[in-house]
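Have a look at the structure below before the remarks.
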Amino acid sequence: MTTSTFKSTGHTEGVRRPGRWLALSVLVLAVLLVAVDATVLGLATPFLSEDLEPTGTQLLWIGDVYSFVIAGLLVSMGSLGDRIGRKKLLLIGATAFGAVSVLNAYATSPETMIVARALLGVAGATLMPSTLALIRNLFHDPRERSLAIGIWGAMASAGAAVGPVVGGFLLEHFWWGSVFLINLPVMAVLVLVGVKLIPESKNPNPGPWDLPSVALSLVGMIGVVYAIKELASHGPSLDAGLAALAGAGALTWFVRRQLTLPAPLLDMRLFRHRGFSGAVLADLLTILGLSGLVFFLSQFFQLVQGRQPLEAGLAELPAAIGAVTAGLVAGVAARRFSVRSVVTAGLAAVGLSLAVLTTLDQHTGYPLLGAALLVVGVGAGFAFTVTADVILSSVPKEQAGSASAVSETAYELGAALGIAVLGSIVTGVYRGFTVPAGVPSDVASAAHESLGGAVEASASLAPQTAEALVSAGQEAFVDGLRIAAGVGAAVLLATAVAAWFLLKGQKLADGIEH
């Protein structure tokens, strides 16, 4: 890569670039915010249910569509950043993210909310790969870069757990739309500081941006994830089958097209590298376990154990503390022991913590829950940070955006699948609960949509009947949560075994790159 590409970020100067750590702080601010937005709705769900009155399916879409759209567009946006400039794309995306946040805050119907969340996903897709790719070009010393990626990964992981704390504070003092309006000042800082501090970088010979590939990537990802969600929630159906066929067909076509293009959106040959493929798989499933757990424990703490939103958010803080701590030392640990040891141990830790949650009941004490969340955070911090480093350091700088997009696609797809698959299990089990005698059919129907709906609908009943209805709903929700935790544990433990073999011999880079 020529020095002109980086505009005075030659290797010697790049290593000593005085503003690089300050630039990193601005980049991780964007990552933190995008990650917070993926989980902040977990706490706002009861308030949304009361205000917008969504059905259970609409509620899942409000939670899911943001991550679905991000997952569908990340590869395309990563490739676009390689072409037009990663800094330029980041600043455009940050501006759009702030503007669309206002639309989310003032949504007046479930349908408007779903559309607004989807548009926020489009903006979010421009931010995530740009940040990681810019880190690749800010830090040329692999050890410094490992630390930078550790900080980046810690913020990405912590965002999932910080979301409930931020959301809890805002929901206790303001209305639910405030969880989106906080994006505005943060994005304003990002744009103003980023213009000055972040260096531009792009591929000097990128080739054209292939729009058919963009469309195939979007259709394929959304089709497959939608099919999984529908299958898990409602069982086999024509809709789910058609979506799966359309998604799989589009992704197959996408792969074949990339192999024939002289300048593909995503170089599929990267996946021939066993370490790269193993890192992507571990990435995806680490976040699946983390995001699914955080999303549903938010509701458990509020709707089952009766905690206030801020208290519920703070209860999930151990996951953030664990993720940040592990992320900062992950690079050192991977060099001292090995990549596969650290990633496998991280995945196993998340899996075992989820297994512990299969013992959950309505009265489970906080020490057990807090300890499980801490271990999940530590495991995710180690696994996610090391795999992101492996993915990023195994490609030429020209493809930094595309490689970052692969890492981010794994992250967002994992978040979407965590909420969709584990959430659909919870919802499916929940909907089977028996309504107490004497409950009118319309109230029973509302109660079966979601636990938030049951709490809201019970307000119209006699106190004794209302208590029985809510209690039955809570018991069914916890049953679903236990089963989902068991499924998540099995997936994570199986992935830990796979990672041990796939990452054999994989190492992080050492020394200064030349």
Side-chain angles (χ1 to χ4, degrees), residues 15 20-25 27-29 31-32 35 131-132 135-136 138-162 275 278-279 282-283 285-287 289-291 293-294 316-353 370-394 404 407-408 410-411 414 492 495-496 499-500 503-513:
V15 172
R20 65 192 182 282
W21 293 105
L22 198 53
L24 175 68
S25 68
L27 293 176
V28 298
L29 192 64
V31 172
L32 181 66
T131 56
L132 192 52
I135 288 171
R136 175 75 164 86
L138 273 170
F139 296 92
H140 298 282
D141 179 340
R143 288 177 181 271
E144 272 199 352
R145 188 174 65 229
S146 285
L147 178 58
I149 291 174
I151 294 168
W152 178 91
M155 290 303 102
S157 301
V162 170
D283 237 8
L285 293 168
T286 301
I287 301 304
L290 178 70
S291 63
L293 176 69
V294 167
E316 296 190 350
L317 206 52
I321 294 167
V324 170
T325 306
L328 294 179
V329 300
V332 175
R335 286 184 172 88
R336 179 169 180 180
F337 301 104
S338 69
V339 165
R340 76 169 180 171
S341 298
V342 172
V343 174
T344 300
L347 289 165
V350 179
L352 291 172
S353 295
L373 281 163
L374 179 64
V375 176
V376 165
V378 170
F382 274 123
F384 180 65
T385 304
V386 174
T387 52
D389 202 339
V390 168
I391 290 167
L392 203 57
S393 60
S394 60
S404 304
S407 177
E408 283 307 311
Y411 180 98
L492 267 295
T495 310
W500 179 258
L503 296 175
K504 182 181 179 181
Q506 184 68 46
K507 296 183 185 301
L508 297 185
D510 274 307
I512 304 292
E513 291 178 355

| Where is the tightest heavy-atom contact between P318 and G370, given as atom of each residue plus distance? | CB-O, 3.6 Å
| query | F382 and side-chain contact (heavy atoms from CB on, under 4.5 Å): which partner among V350, V329, L347? | reply | V329
| What are the two closest heavy atoms between G379 and A349, and how far apart are they? | CA-CB, 4.1 Å
| query | What pair of heavy atoms forms the shortest contact from G381 to A330, and how long is it? | reply | O-CB, 4.4 Å
| task | Could you tell me whether the side chain of D283 reaches within less than 4.5 Å of the side chain of F384, counting heavy atoms only? | result | yes
| note | Checking T344, V386, T387 against V339 for side-chain contact (heavy atoms from CB on, under 4.5 Å), the one that qualifies is V386
| query | What are the two closest non-hydrogen atoms of V376 and S353, and how far apart are they? | reply | CG2-CB, 3.3 Å
| Does the side chain of T325 reach to within under 4.5 Å of the side chain of V378, using non-hydrogen atoms? | no
| field | Side-chain heavy-atom pair V343, W500 within 4.5 angstrom cut-off | value | no
